[in-house]
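Chain letters run A, B, ... following the sequence lines, proteins first and then strands; every chain starts at 1. As the structure is a computational prediction, the values presented were derived from the model and not from experiment.
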Amino acid sequence: MSKDKSSIFSPAVSFKNLFKKPETIKVPEENKKTAKRYRGFHINDLDKCIGCGTCSKICDNKAIKMVELENVKTELGQRNERPKIDYGRCCWCGLCVDICTTGSLQFTQDYTYINHDAESFSYIPDNKNINKIESAIGYERDQDSELLDLYRIEMQELDAESRVQSFMEIVKGFSKKQAEKEASRCVECDICTEACPASMNIPEYIRGIYDEDLEESLKQIYEDNPLPEVCGRICTHNCESICSISHRGEAVSIRWLKRYAVDNVDLAEYNKILGTEKIHQVDKKVAIIGAGPAGLSAAHYLKLMGYQITVFEAESKAGGMMRYGIPEYRLPYDKLDKDINYIKNLGVEFKFNIRIGKDISLSDIKKEYDAVFAATGLHNGRSTRIPGTENNNVYQAIYLLKQITKGEEIPLTKKIVVIGGGNVAMDIARSLARLQKKKYGQVNVLVTSLETEDIMPADQEEIEEAREEGVDFEPGRGPKEIIVSEDGSISQICTNCCVSVFDDDMNFNPTFDDQDIQNYECDMVVEAIGQAGDNSYIDDNYDIKYEGPRIKVNDKQQTSLPWLFAGGDIVRGPDVINGIKTGHNAAQGIDEFLKN
Amino acid sequence: MGKSKRTEMFFGPNHPGVPGNYGINYFYEGDTVVSAEPNPGHLHRGFEKLMEEREWIKNTPLVCRICVMEPDINEMVYAMSFEAIGEIKIPKRAAYIRSIILELARIQAHIFSIGGNCGAIGLYTAMQWGVLTRDYILDIFEEITGGRVYHIYIRPGGVRHDIEDVTLQKILDLLNDLENNRMPEFQKLIFENPIAQKRWKNTAVLNQEDALSLGVTGPALRATGLEHDVRKLMPYAAYDQVDFKVPTGEDGDAWTRLKLKKDEIFQSIKIIRQLVNNIPAGPVSLNLGNALKYKIPAGEAYVKIESSRGEYGYYVVSDGGLKPYRVHVRGTSTPLGLYGVETLLPGCRIEDVPVWAHSLGICPPEFDR
């Protein structure tokens, strides 16, 4: 038995507390002061919140429900939903705060909430918490408690020196490990789907990559987009601009993930995976004019519905602007062909080198087919019409790009000026840089645009890459005159300062400062200031309605002539993804039209 | 005197002497328990099954609820099992912080347990002091983690926030107060109290043979003379970086166990001081990516730590998916709370049943999961 000190007087130590100030506090006269980091009640910056619902997704108690609100902003990339918190379920773990994509959700330091009304415990927090007061901020996310993966996997690309030597594809693509890691960054909020013109099932196909199930990815992609090899490379990726992760970090590389998914499935497997080995046939014929994105998209979806499809194409190959406008270093032809070959394999008939209105009239087509889809695109260049543009060494980008695709030799001098600030200007400038490098060993291309660099319509990465390849920029300048020497050759281009591009109503209405004149030496000028369509094949026999320069269509791409549908750049865009969407729309519209 | 009548008694789940919503049904003759059986089930919340249905991160706010008095141990073993299967090595500072948190948790659990044991013998002043003293430690937890009881702080990859120097200093100040002011008062009120000694000595005796055959660990085992402490045997977090003793006793009774708990508080104070004084700089967490998509390879792990009541372990199986395939919780008091009741409680006097349950560290939620 151990010997332990003991005394009946020892417990008397407690009596000294009679003379001490109590250590407890009297609520409600005195309230408990909580710690700075206390997880009290939620507040939510409603303007910052985009309604992505990630808080609701991570809530382990299903305490957060997204509810629609009327008085919140609903710009692209935002939903009118905000979190409603059921404090009967909440466990104050704060995972919602840690993962909040915008950082709008926080806790205040409040310790209590008392109310006899049970309904009041479900609350939509705004800048005031459930106690309807603005109280001190409590728990906040910090870098250690971060639950998102904010930074994207860097894409391997050819360096500037190597890429300017050839038309080889710049982007190398993700490895399996990289793609899965990048796919894991997605919180599946689906806001991207709302921003995608084609409403693609983006979270679903990214999930397929994450789950190592590329067949599922392919199925999800083909639901809305039959040109994924193309879009996986050159899509304008509106999805990434509004990706919820981009609010605090870098957007998920949605475009490169799509590219990874389709690059890694063999074309021979497509029919089996997509269930298109056998298609039920319908005895109706549809003609499609133009084998660009819209035409191909319509052909694909109509074919799946069983219609007999014939695509008429003026050029010798399908693809439209994807082939004849976009340089090979951005979109290799074999990848484009993969998408097209799948559509061909479905049984779509192509008739090349046939220009409607010239080789065959629209009336003839109408006689033979039950419906017609026109998607002829914008294949004509536009000119600035400044003095000197009539010179032989002034070209339009769109024609040069087509010649490059066809492998034809194009005029090439040592000092070239490109006028334009869009992606087509970048395409021609960078293509010319490659050709100059090959022919002369050095690059001397200057891009001038009305827009200053911050508002240039071209993608920022295009501008940066062009610059790395040796292309010079003089943004914010308007072309005034092309100065021609006595011998008829171009010597300089004269520019003035562009003060503003748009007027107060955001209409294109540039103003210039003629005091600020700059001349740049050059011997060739390329105009890349936009394209125009040629709808003359819809001759005077047809009373078709226009909306501005574009053909007027309803939501199913139907024109004022019930049998004629129109899509692609002549209706919306110009870009590939809108073309695909209008093609898909038209397929549904034509189906409805032919069934009625 | 004639033979006493054999009577059935329901002890719990609402009895003030029972530690948690748990029951023991026993028969007694005279004042002595003659047979007993546990009556669990009042607390069953299906933790293990719930965990299989939730993504890895979503279990971090859940596991702590398995043991109200010492939630951090659950967070720790859950994070450790994730890290063991995923072969994740956490930053050094995070390991130190984890040990600091776990030792603070041990101190507050021991103080609360000593207070609870006092409650079981009617020494209610000490019980109130236990609650009060614990609350000062909870203040520290609130400052570090944002929560008082459920901290949700130790998570896969490290800890949720860094501890600022000013808070580390507060911890040291608190430990000084505990060592110099509060523990001496506990000593006088509880441990030098002849009535308390009389109630606890030779009460609820557990011998080493029974302890080992049942798989009892912690103070209950150490009170029989065996130096068994996971922190020494299989050091985790930063326990290999600190110097401390493992107190043991000989008699295996309630008194020895409570004295051990008191001694362990002083050892914990010593450990925390070393950790705070030597804490390395650096990150406290690894970014494991998007928490909704945590994925670790297929595999399994059994990890264990030394809780205030003994060995506490999780057996976790991953099938490589987004959620655990199986989580099994090895609660410290499982052997005693379930099997020990039948074999060890008979012979105990009625008034000592709460002493038996409290001093042996019966924590119902950890075996009634």
Checklist entry - So what's closer than 4.5 Å to chain A heavy atoms on R54(B): side chain, backbone, both or neither? => result side chain
Next on the checklist: Determine whether a donor-acceptor pair (N or O, by modelled atom type, separation under 3.5 Å) exists between the side chain of D110(A) and the backbone of T112(A).
Outcome noted: no
Item to check | Residue among R155(B), Q197(B), H161(B) with most heavy-atom pairs under 4.5 Å to chain A | outcome: H161(B)
Checklist entry - Does a donor on one side chain sit under 3.5 Å from an acceptor on the other, for K258(A) and Y205(A)? => result yes
Next on the checklist: If you take the centroid of each ring, where Trp contributes its six-membered ring, are F41(A) and F107(A) closer together than 6.0 Å?
Outcome noted: no
Checklist outcome for this item: Note: vs chain B, highest number of non-hydrogen pairs under 4.5 angstrom among E146(A), K36(A), E188(A), Q143(A) is E188(A)
Checklist entry - OH of Y38(A) to OG1 of T108(A): how many Å apart, nearest 0.5 Å? => result 10.0 Å
Next on the checklist: Tell me which of these, V159(B), D162(B), T125(B), has more heavy-atom pairs under 4.5 Å with chain A than the rest.
Outcome noted: D162(B)
Item to check | Residue selection (most heavy-atom pairs with chain B, distance under 4.5 Å) from K181(A), E23(A), R185(A), R141(A) | outcome: E23(A)
Checklist entry - Any side-chain donor-acceptor pair under 3.5 Å between D98(A) and S145(A)? => result yes
Item to check | chain B contacts, top residue of D60(A), V187(A), D149(A), D211(A) (heavy-atom pairs, under 4.5 Å) | outcome: D60(A)
Checklist entry - If you count heavy-atom pairs under 4.5 Å between each of Y294(B), Y150(B), Y136(B) and chain A, which one has the most? => result Y136(B)
Checklist outcome for this item: Applying a strict 4.5 Å limit to non-hydrogen atoms, the region of N193(B) in contact with chain A is both
Checklist outcome for this item: Under 4.5 Å to a heavy atom of chain A? For E142(B) that would be both
Item to check | Region of F191(B) in contact with chain A, defined by heavy-atom distances below 4.5 Å | outcome: backbone
Next on the checklist: What part of E140(A) gets within 4.5 angstrom of chain B, counting heavy atoms only: side chain, backbone, both, or neither?
Outcome noted: backbone
Next on the checklist: Checking side-chain polar atoms at under 3.5 Å, does H42(A) have a donor or acceptor matched by the opposite partner on Y139(A)?
Outcome noted: no
Checklist entry - chain B heavy atoms under 4.5 Å from A183(A): which part of the residue, side chain, backbone, both or neither? => result backbone
Item to check | F15(A), part contacting chain B, at a heavy-atom distance under 4.5 Å | outcome: neither
Checklist entry - If you measure only the distance, is there a donor-acceptor pair under 3.5 Å linking the side chains of S7(A) and E192(B)? => result no
Checklist entry - Checking heavy atoms, do the side chain of K5(A), its backbone, both or neither come under 4.5 Å from chain B? => result both
Checklist entry - So which part of Q109(A) gets closer than 4.5 Å to some heavy atom of chain B, the side chain, the backbone, both or neither? => result neither
Checklist outcome for this item: Value for CG (D72(B)) from CD1 (I154(B)), rounded to nearest 0.5 Å, stands at 5.5 Å
Checklist outcome for this item: chain A shares the most heavy-atom pairs under 4.5 Å, among E250(B), R148(B), Q187(B), with R148(B)
Item to check | Residue L132(B) versus chain A: region with a heavy atom under 4.5 Å | outcome: side chain
Checklist entry - Under 3.5 Å, is there a donor-acceptor pair linking the side chains of N31(A) and Y111(A)? => result no
Item to check | Residue among G147(B), G289(B), P184(B) with most heavy-atom pairs under 4.5 Å to chain A | outcome: G289(B)
Next on the checklist: If you count heavy-atom pairs within less than 4.5 Å of chain A, which of I144(B), T256(B), I195(B) leads?
Outcome noted: I144(B)
Checklist entry - Between E55(B) and K293(B), is the closest basic N to carboxylate O distance under 4.0 Å? => result no
Item to check | Distance-only side-chain donor-acceptor flag, E182(A) / Y260(A), under 3.5 Å | outcome: no
Item to check | Per-residue contact mode, L123(B) against chain A (heavy atom under 4.5 angstrom) | outcome: neither
Next on the checklist: Between T193(A) and D190(A), do the side chains contain a donor N or O and an acceptor N or O under 3.5 Å apart?
Outcome noted: yes
Checklist entry - Is it the side chain or the backbone of C59(A) that comes within 4.5 Å of chain B heavy atoms, both, or neither? => result backbone
Checklist entry - Parallel, tilted or perpendicular for F82(B) and W56(B), by the 30°/60° rule? => result perpendicular
Checklist outcome for this item: If one checks every heavy atom of L95(A) against chain B at 4.5 Å, the contacting part turns out to be both
Checklist entry - Is any NZ, NE, NH1 or NH2 atom of the basic residue among D4(A) and K259(B) found under 4.0 Å from an Asp or Glu carboxylate oxygen of the other? => result yes
Checklist outcome for this item: Cut-off 4.5 Å, heavy atoms of chain A, and the answer for D139(B) is side chain
Item to check | Atom group of K57(A) that falls short of 4.5 Å from chain B, counting heavy atoms | outcome: both
